[in-house]
Peer 1: 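The structure under discussion is supplied below as structure tokens; questions concerning it will follow.
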Amino acid sequence: MALVTTTEMFKKAYEGGYAVGAFNVNNMEIVQAITEAADELRSPIILQCSAGARKYAKHSYLVHLVQAAIEETNIPIALHLDHGADFEICKQCIDGGFTSVMIDGSHLPYEENIELSKRVADYAHERGCVVEGELGTLAGIEDDVVVEAGHESYTQPEQVEDFVKRTGVDSLAIAIGTSHGAFKFKPGQKPQLRFDILDEVSKRLPGFPIVLHGASSVLPNYVDIINANGGAMKDAIGIPEDMLRQAARSAVCKINIDSDLRLGLTAGIREHMFAHPDHFDPRQYLTTGRAYCKEVVAHKIKTVLGSEGKA
Ligand code: G3H
Ligand code: 13P
Ligand code: ZN
């Protein structure tokens, strides 16, 4: 199947009460894990690349890996830029084969966020690409930007109509208490999401696709495998899956997952290397890593996203 934009995916997801998983890709094994799981479960999928991924793997390798996944599978796949920080990186991705970009002006003053997001949306739309904007800031780490817990800010629902109207973005990421990385809550802290903000945003933007970043659950079984095999991720805590499922049933059409993929891959590699300290062929330990990563994606599609059979 060809590379698609998210327009049709989000329309169906909104109407069908499910969300499409947006999984971060950095190498071949991760692309294979995601797309094989999605193909077997007949789920649409978004493969997203951060600036860090483009630095690590190079734009052209990533685009060609995704192209290979399209040839190997029969599901709709969108290729998305995650957290585009400025016009230039968005332009490079729009011109370079991506079907969707995120312009993340969430750290800018409101009017500057509007100006930048509109510039990207105008450029993208003329070229058949779609755009995700963001209002509100999440805690955690994205590339080199670190937002300390307590310095995040929830999305203000009274801004969303104005923002969407003036920028022309096609979807909107909002901050309701999710955060990036594997340490989202302190031990003993009760995970909470502001569903009241999500409800208010959806009322103000009927039919409009909402995006959740920082939505890994930090799956405890993989954290346990890592810790049992020499790792030190004792206090890793994520978003409870029932909360994400509730969000996926609502206006949330895209749920971003990266940390859980990293945990799956790392758990597989650690487990393999601990059991076989003499192994040094990457194909051996990456096979286990890729299998766990694939297991993570299948679990997300079935348990959190509800996108099984929607391809
Ligand atoms: O939002 C951040 C994503 O997890 C991407 O992480 O910038 O380290 O590639 P990265
Ligand atoms: P996690 O760190 O929770 O996986 O979030 C990933 C993300 O939001 C990518 O943009
Ligand atoms: Zn994010």
Side-chain angles (χ1 to χ4, degrees), residues 6 19-27 30-31 33-34 45-59 61-62 65 78-86 89-90 93 98 100-107 131-147 149 152-153 155 171-185 191 193 210-220 222-223 233 235-241 243-244 247-248 252-267 293 296-297 299-301 304-305:
T6 52
V20 181
F23 295 96
N24 286 72
V25 296
N26 290 281
N27 65 14
I30 297 174
V31 171
I34 299 163
I45 214 88
I46 299 165
L47 298 178
Q48 58 186 10
C49 306
S50 66
R54 289 176 82 244
K55 193 171 162 196
Y56 172 76
K58 302 271 181 291
H59 180 99
Y61 280 95
L62 292 166
L65 284 172
L79 175 55
H80 174 76
L81 168 67
D82 192 25
H83 294 286
D86 52 37
I89 188 171
C90 292
C93 290
F98 283 42
S100 172
V101 294
M102 174 188 192
I103 176 65
D104 183 356
S106 62
H107 303 282
V131 177
E132 173 185 326
E134 178 163 350
L135 265 181
T137 48
L138 276 66
I141 305 171
E142 302 158 15
D143 278 320
D144 299 329
V145 181
V146 181
V147 180
E152 71 275 30
S153 61
T155 303
S171 62
L172 183 68
I174 62 168
I176 60 166
T178 59
S179 64
H180 290 106
F183 300 89
K184 300 188 194 295
F185 300 97
L193 292 188
I210 301 301
V211 177
L212 279 193
H213 281 248
S216 278
S217 295
V218 188
L219 295 165
Y222 300 101
V223 175
M233 299 202 61
D235 295 331
I237 304 174
I239 312 292
E241 295 193 320
M243 290 188 190
L244 294 166
V252 171
C253 294
K254 173 174 179 270
I255 290 190
N256 283 14
I257 296 157
D258 188 2
S259 296
D260 277 329
L261 294 177
R262 296 177 180 192
L263 290 174
L265 191 70
T266 304
C293 205
V296 166
V297 176
H299 175 79
K300 297 284 169 187
I301 289 172
V304 166
L305 302 163

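Just follow the structure's listing: the first ligand is 1, and inside any ligand the first atom is 1. Counting begins at 1 with the first residue of the sequence.
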Peer 1: List, pair by pair, the atoms of ligand 2 and of the protein that are both N or O and lie under 3.5 Å apart, giving the separation rounded to 0.1 Å.
Peer 2:
residue, atom, partner, partner atom, Å
ligand 2, 2 (O), Gly181, N, 2.9
ligand 2, 2 (O), Ser259, OG, 2.7
ligand 2, 3 (O), Lys184, NZ, 2.6
ligand 2, 3 (O), Ala215, N, 3.2
ligand 2, 3 (O), Ser216, N, 3.0
ligand 2, 4 (O), Ser216, OG, 2.6
ligand 2, 4 (O), Asp258, N, 2.7
ligand 2, 4 (O), Ser259, N, 2.7
ligand 2, 5 (O), Gly214, N, 3.3
ligand 2, 8 (O), His180, NE2, 3.1
ligand 2, 8 (O), His213, ND1, 3.4
ligand 2, 8 (O), Gly214, N, 2.8
ligand 2, 10 (O), Asp82, OD1, 2.9
ligand 2, 10 (O), Asp82, OD2, 2.7
ligand 2, 10 (O), His83, NE2, 3.2
ligand 2, 10 (O), His213, ND1, 3.1
ligand 2, 10 (O), Asn256, ND2, 3.1

Peer 1: Of the options Ile34, Asp258, Val31, which is the one that meets Phe23 in a side-chain contact (heavy atoms from CB on, under 4.5 Å)?
Peer 2: Ile34

Peer 1: Has Thr137 got a side-chain atom pairing as donor or acceptor with Ser153's backbone, closer than 3.5 angstrom?
Peer 2: yes

Peer 1: Identify, by atom number and element, the atoms of ligand 1 in contact range of His83, meaning under 4.0 Å from any of its heavy atoms.
Peer 2: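 Listed by number with element, the hits are 1 (O).
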
Peer 1: Have a look at His213 and say which of its N, O or S atoms is nearest the Zn ion (ligand 3).
Peer 2: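 Nearest N/O/S atom of His213: ND1.
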
Peer 1: Indicate yes or no: does an N/O atom of Ser50 lie under 3.5 Å from an N/O atom of ligand 1?
Peer 2: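 By distance alone, the answer is yes.
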
Peer 1: Is a side-chain donor or acceptor of Asn256 paired with a backbone partner of Val211 at a separation under 3.5 angstrom?
Peer 2: no

Peer 1: Does an N or O from Asn26, backbone or side chain, lie closer than 3.5 Å to an N or O of ligand 1?
Peer 2: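 Min N/O separation from ligand 1 is not below 3.5 Å for Asn26.
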
Peer 1: Can you tell me the angle formed at the Zn ion (ligand 3) by NE2 of His180 and NE2 of His83, to 10°?
Peer 2: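 It is 100°, given to the nearest 10°.
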
Peer 1: Could you see which bit of Arg262 sits under 4.0 Å from ligand 1, with heavy atoms only: side chain, backbone, both or neither?
Peer 2: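 Within the 4.0 Å criterion, Arg262 contacts ligand 1 through side-chain atoms alone.
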
Peer 1: NZ/Lys58 to CG/Leu65 distance, rounded to the nearest 0.5 angstrom?
Peer 2: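 Answer for the NZ-CG pair, Lys58 versus Leu65, is 13.5 Å.
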
Peer 1: Hey, is His213 touching ligand 1 through its side chain, its backbone, both or neither, going by heavy atoms under 4.0 Å?
Peer 2: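 The answer is neither.
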
Peer 1: What closest approach, in Å, do Ile257 and Ser216 show between heavy atoms, and which atom pair accounts for it?
Peer 2: CG2-OG, 3.7 Å

Peer 1: Indicate the atoms forming the closest heavy-atom contact of Ala215 with Leu212, along with that distance.
Peer 2: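 The pair with the smallest heavy-atom distance is CB-O, 4.2 Å.
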
Peer 1: Does only the side chain of Asn256 get under 4.0 Å from ligand 1, or the backbone, or both, or neither? Count heavy atoms.
Peer 2: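 Asn256 to ligand 1: no contact under 4.0 Å from either part.
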
Peer 1: Has Thr155 got a side-chain atom pairing as donor or acceptor with Leu135's backbone, closer than 3.5 angstrom?
Peer 2: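 Pair found, side chain donor or acceptor close to backbone of Leu135.
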
Peer 1: Restricting to side chain to side chain contact (heavy atoms under 4.5 Å, CB included), what partner residues turn up for Leu193, sequence neighbours left out?
Peer 2: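 Testing Leu193 for side chain to side chain contact (heavy atoms under 4.5 Å, CB included), a comparison that skips the adjacent residues, returns Ile176, Thr178, Phe195, Ile239, Met243.
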
Peer 1: About how many Å separate OG of Ser106 and NE2 of His213, when rounded to the nearest 0.5 Å?
Peer 2: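 Rounded to the nearest 0.5 Å, the NE2-OG separation comes out at 8.5 Å.
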
